[in-house]
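Chain naming here is simple, since letters A, B, ... match the order of the sequence lines and numbering starts at 1 in each.
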Protein chains: 2
Amino acid sequence: MKRRSQTETAVLGALSVMPMTGYAVRQSIHDVLGHFWSESFGQIYPALTRLEQEGLVEQGADETASYTITATGLDRLHQLLSESIQDAPPRNGLMLRLFFGRHLGTDACRALVEQASVDAANRLAELEAVRAEIAGETGTEADQPFWLLTIAAGEHSARATLAWADEARAHLDAIERT
Amino acid sequence: MKRRSQTETAVLGALSVMPMTGYAVRQSIHDVLGHFWSESFGQIYPALTRLEQEGLVEQGADETASYTITATGLDRLHQLLSESIQDAPPRNGLMLRLFFGRHLGTDACRALVEQASVDAANRLAELEAVRAEIAGETGTEADQPFWLLTIAAGEHSARATLAWADEARAHLDAIERT
DNA sequence: TGTCTCATGTAATCCGTTACATGATTGG
DNA sequence: CCAATCATGTAACGGATTACATGAGACA
């Protein structure tokens, strides 16, 4: 089973919130979904062209060159979202390094754990900022409860990393004492 | 800055534990590191050829066709592990769907959350099994503390997912009642 | 004898990033 | 007026999966 690109899902999703230019699509995915998703211009612009050819989005002929999602586009979005999740194979660089940590040394491992801990703390702060940002938006009230769902997931994940880092620190000390 | 493949790191790492065939390299990465890393044959075999040409691994000319890591190979492994982590851009299919959950409907979202919860519970069980498996191994005592470090990370992550799922269930109920 | 696992490899294909190219508009 | 941001695209490149092809040995 070949795995299909999910770029069009993300683009249609972004346009389902409000009409936007391609640039703004990238912007909003990066800013709001950034902890869970990413798209590059090299994907977004060709995708928009395809979507327009299929009549799923329309480029506002008015002064704003924004794209608007059509009724068919909304149908398609629903359909795409319903498809089974295809997860990318895991590739966790931190875990790869720690797994072979014997060859890296406990000090370097400790540094990696510290870095992960700091990153998680930053992520927590950013998620808090995003939460505040979307709560202040108007016109997206119906979407917000779902957005908060994903933010909560990010927060749980970040806090889990912090807790693990504490454990790992002690663990590494114990390794060194043997 | 172009992003280099980390396949050779994974392969050298696997061979640093014990000599193996390419098939067994894939096997052990899949079985033990499976929650954090993955490699396919299409990557492993060409990588082994390259590594052999560079003198980082040697194919045992004896009856076993296993590859053995050389002293230079160990140096290279250390060096590769020390390089800065390059994280793949995030692509979380579950979060993408929940984020646009308004178009998916609360019932479908609930099903996604349930699935994630079940998956996390399974992951927890598998990690427990891996923990038991490696604890019983001999000849890998020096590596085991580091392996346990990664297993702990997986467990924290899985438990965080379970906790989030509980929260999400309640959250979705609240959405529906409005 | 036939199927399953072990074992090695290659070719097609695609996804996605990065880099490059270009231009309009805004604001200090 | 110059820099930064907004805006749209394309081409090159590389990484990785998937599928295909092949064969040996085990074992039932």
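Position along DNA chain C of the nearest nucleotide to B:Ala24 versus A:Gln6 favours B:Ala24 as the more 5'-ward residue. Ranked by how close their nearest DNA chain C nucleotide is to the 5' end, B:Arg91 and B:Pro46 are led by B:Pro46. Of the residues near DNA chain D, B:Phe41 and A:Leu48, the one whose nearest nucleotide (by heavy atom distance) lies more toward the 5' end is A:Leu48.
The phosphate of D:dA16 (OP1 or OP2) has a side-chain N or O of B:Ser5 nearer than 4.0 angstrom. Neither OP1 nor OP2 of D:dT17 sits under 4.0 Å from any side-chain N or O of B:Gln43.
Annotation: B:Glu58, atom CD; neighbour count of heavy atoms from other residues, nucleotides and ligands within 6.0 Å does not exceed 12.
Between the side chains of A:Asp119 and A:Gln115, at least one donor-acceptor pair of N or O atoms lies under 3.5 Å. If you check the side chains of A:Asn122 and A:Glu126, you find no donor sitting under 3.5 Å from an acceptor.
For the pair B:Arg26 and B:Phe41, the cation-pi test (distance below 6.0 Å, angle within 45°) is passed.
Judged by distance alone, the side chain of B:Gln144 and the main-chain N or O of B:Glu137 form a donor-acceptor pair under 3.5 Å. With hydrogens and angles ignored, the 3.5 Å screen pairs no side-chain donor or acceptor of A:Glu114 with any backbone N or O of A:Leu112. Of the possible polar contacts, none joining the A:Ser157 side chain to the A:Ala153 backbone as a donor-acceptor pair under 3.5 Å is found. B:Glu54 contributes no side-chain N or O that, together with a main-chain N or O of B:Glu52, makes up a donor-acceptor pair within less than 3.5 Å.
Atom CZ of B:Arg4 is separated from atom C1' of D:dC13 by 16 Å (rounded to the nearest Å). A straight line from CZ of B:Arg26 to P of D:dA16 spans 15 Å, rounded to a whole angstrom. Atom pair A:Arg3:CZ and D:dG15:C1' shows a separation of 13 Å (rounding to whole Å applied). Taking atom CD1 of residue B:Ile44 and atom C1' of nucleotide D:dG15, one finds them 14 Å apart after rounding to whole Å. If you measure from atom CE of A:Met20 to atom C1' of D:dC6, you get 15 Å, rounded to the nearest angstrom. Atom pair B:Tyr45:OH and D:dA19:P shows a separation of 18 Å (rounding to whole Å applied). As rounded to whole Å, 14 Å separates atom C1' of D:dT10 from atom CZ of A:Arg50. We find that OH of B:Tyr23 is positioned 17 Å from P of D:dA24, with the value rounded to whole Å.
With a cutoff of under 4.0 Å to any heavy atom of chain B, the contacted region of DNA chain C is bounded 5' to 3' by C:dC6 to C:dA19.
Backbone-only engagement by B:Thr7 is indicated by non-hydrogen atom pairs under 4.0 Å involving sugar-phosphate atoms exclusively. Residue A:Thr21 is classed as a sugar-phosphate contact, given heavy-atom separations below 4.0 Å to backbone atoms only. Counting any heavy atom pair closer than 4.0 Å across all strands shown, B:Gly42 reaches a base atom.
For the side-chain hydrogen bond (donor to acceptor under 3.5 Å, both in side chains) with A:Glu155, the lone residue among A:His35, A:Arg131, A:Arg123 that qualifies is A:Arg131.
Cluster annotation: B:Met18 and B:Val130 are assigned to the same hydrophobic cluster (Ile/Leu/Val/Met/Phe/Trp/Tyr, side-chain heavy-atom contacts under 4.5 Å, transitive).
End-to-end axis angle of the helix from C:dT1-D:dA28 to C:dG28-D:dC1, using five pairs per end and rounding to 10°, comes to 30°.
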